Protein chains: 2
Amino acid sequence: MRYAADHIVSALKTAREKKGISQRELSAKAGVPQAQISRFENGDVDIRLSSLVSLGRALDLEIELVPRQAIAAVESIVRAITRSERAIQTTRTSNDVAKLVRTLKAVRSPDISSLAIEKTLSHLRVLERFQPTTEQLEAVKRFNDTLAKTKRLDLDPEVFAKHAKAIELIRTQVAYTAPPVSLPEPAYALDDEEDDDA
Amino acid sequence: MRYAADHIVSALKTAREKKGISQRELSAKAGVPQAQISRFENGDVDIRLSSLVSLGRALDLEIELVPRQAIAAVESIVRAITRSERAIQTTRTSNDVAKLVRTLKAVRSPDISSLAIEKTLSHLRVLERFQPTTEQLEAVKRFNDTLAKTKRLDLDPEVFAKHAKAIELIRTQVAYTAPPVSLPEPAYALDDEEDDDA
DNA sequence: CCATGCGATATCGAATAAGACATCAAGTAA
DNA sequence: TTACTTGATGTCTTATTCGATATCGCATGG
């Protein structure tokens with residue numbers, strides 16, 4: 001079924017994804033069955049307000065009625081806040097960084113210097129300590145995707161450089177803008193074969 | 001039934017009332033049965049999102065998901081806009097002014113000079129030409145309520161003066177801030193026994 | 001290969017919103 | 001009084017969410 005509330009539906013879904021929690025976790029928090037959440041996110045059901053509020057609350061979102069005149073202003077505020085929100089550190093989101101670390105370590109290409117790889121790895125170590133924004137995490141994911149596609153075989157040095165540059169930029173951003181608090185408990189460890197600090 | 005969405009419910013109800021439209025009118029606009037709107041406004045039903053959106057749209061309101069961090073800012077914006085919104089001119093809202101005019105004309109009290117009454121009446125004439133904000137209209141309603149309560153008998157001159165002062169203030173505000181457009185068509189006429197312009 | 005976690009689906013019964021009426025009491029205007 | 005409007009309720013029937021539970025295919029990691 002399609003009903004005229006797509007933006008709410010997709011907003012809730014992306015909110016969940018940004019928090020990096022699964023439908024089952026959200027289900028536990030909100031007290032709404034996972035099956036129901038799935039149906040809801042796919043627009044299969046015309047959700048009731050009480051359920052919507054429950055789900056929203058579990059995601060730190062409130063439902064507001066905004067006058068048409070004000071929605072531009074409101075959305076810009078919301079956008080600004082959302083953008084600057086740190087991604088909640090979970091096993092899942094940190095896995096994106098960990099995964100990239102793992103893959104990079106496996107790269108053995110004649111066209112890419114191990115020095116360049118080391119540099120990127122050290123940037124990732126910084127990302128691990130601070131909490132990157134969801135926006136920044138996406139760059140990590142893109143890097144992962146690219147590496148997955150090329151299967152680490154014919155890795156184009158140009159492409160690699162581009163992604164590496166992106167990571168470096170993020171590292172700089174993070175170091176300057178992220179709160180200098182270290183993670184309460186690193187969800188994973190980087191040190192399996194090296195141990196130098198950046 | 002009570003479910004945790006009171007603020008939405010009451011917001012929608014007051015929005016409708018501020019527009020001065022009846023449940024039946026809203027029903028026609030939104031395509032939702034009047035009975036359903038009544039039950040909804042009383043919190044008797046757990047409304048579905050599609051209905052909520054329909055009702056909201058008919059009232060120029062959009063549903064937004066706002067991060068908890070942002071709701072203070074958002075609400076302040078919404079408040080600011082709502083407060084300064086011109087009341088939609090309908091038979092109902094203009095009746096508030098007309099009613100006050102009628103009641104005032106009927107006042108015959110030894111404690112209140114007819115001059116004071118005349119003055120207020122002339123202010124009301126200005127209010128009729130311009131569109132007062134909903135906030136300002138409320139002062140008119142309050143005056144009405146007070147007069148209704150006292151049944152025009154033992155009207156306290158102090159109280160009268162206070163309300164009259166409020167109306168005068170509004171008249172000044174309106175003359176300065178309201179758009180100098182006259183109403184497309186005055187929903188009612190003031191001139192039944194006098195015709196002097198202010 | 002096996003275990004795990006993910007989102008999507010299916011089924012079923014119970015609860016309930018929705019829709020289409022019809023009133024009704026209270027207030028209000030003529 | 002009479003006529004009209006408004007919001008609230010009642011009563012049907014139908015449609016659909018909801019909740020509980022199980023399962024599926026898929027991807028990932030060991």
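Residue numbering restarts at 1 for every chain, and letters A, B, ... go by the order of the sequence lines. Only a predicted model underlies this, so the values are computations on that prediction, with no experimental measurement involved.
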- Looking at CD of E62(A) and CZ of R68(B), how far apart are the two atoms once the value is rounded to the nearest 0.5 Å? 5.5 Å
- For the side chain of D60(B) and the backbone of P67(A), is there at least one donor-acceptor N/O pair under 3.5 Å apart? no
- Would you indicate, yes or no, if dC6(C) has its OP1 or OP2 atom less than 4.0 angstrom from a side-chain nitrogen or oxygen of S22(A)? yes
- Distance in angstrom units between L52(B) CG and dT17(D) P, rounded: 16 Å
- Query: Rounded to whole angstrom units, what separation is found between the CG atom of D46(A) and the P atom of dA18(C)?
  - Reply: 8 Å
- Under-4.0 Å side-chain N/O to phosphate OP1/OP2 contact, Q34(B) with dT6(D): no
- Message: At less than 4.0 Å, is any side-chain N or O atom of N42(A) found next to OP1 or OP2 of dA8(C)? Yes or no.
- Response: yes
- Within this structure, what is the CZ-to-C1' distance between R39(A) and dT23(D), rounded to whole angstrom? 13 Å
- Over how many whole Å does the gap from L26(A) atom CG to dG7(C) atom C1' extend? 13 Å
- Could you state the atom-to-atom distance from CD of E41(B) to P of dT9(D) in whole Å? 12 Å
- Query: Between K19(A) and E25(A), does at least one N-O distance fall below 4.0 Å, as a salt bridge requires?
  - Reply: no
- Query: In whole angstroms, how far is the P atom of dT16(D) from the CD1 atom of I47(B)?
  - Reply: 17 Å
- Message: So does I47(B) get a backbone contact from the side chain of S51(B), meaning a donor-acceptor N/O pair under 3.5 Å?
- Response: no
- Message: Please compare A35(B) and S51(B) by the position of their nearest nucleotide in DNA chain C and report the one closer to 5'.
- Response: S51(B)
- Distance-only donor-acceptor test (3.5 Å): side chain R24(A), base dG7(C): yes
- From CD1 (I63(B)) to CZ (R57(B)), nearest 0.5 Å: 8.5 Å
- Determine whether any donor atom in the side chain of Q36(A) lies under 3.5 Å from an acceptor atom in the base of dA20(D), or the reverse, and answer yes or no. no
- Query: L12(B) CG to dG7(D) P: how many Å, rounded?
  - Reply: 13 Å
- Item | Rounded distance (Å) that lies between atom P of dT16(C) and atom CG of D44(B) | 13 Å
- Task: Name the residue closer to the 5' end of DNA chain D, choosing between R48(A) and I37(B) according to the nucleotide with the nearest heavy atom.
- Result: I37(B)
- Query: OP1 or OP2 of dG7(D) sitting under 4.0 Å from any side-chain N/O of S38(B)?
  - Reply: no
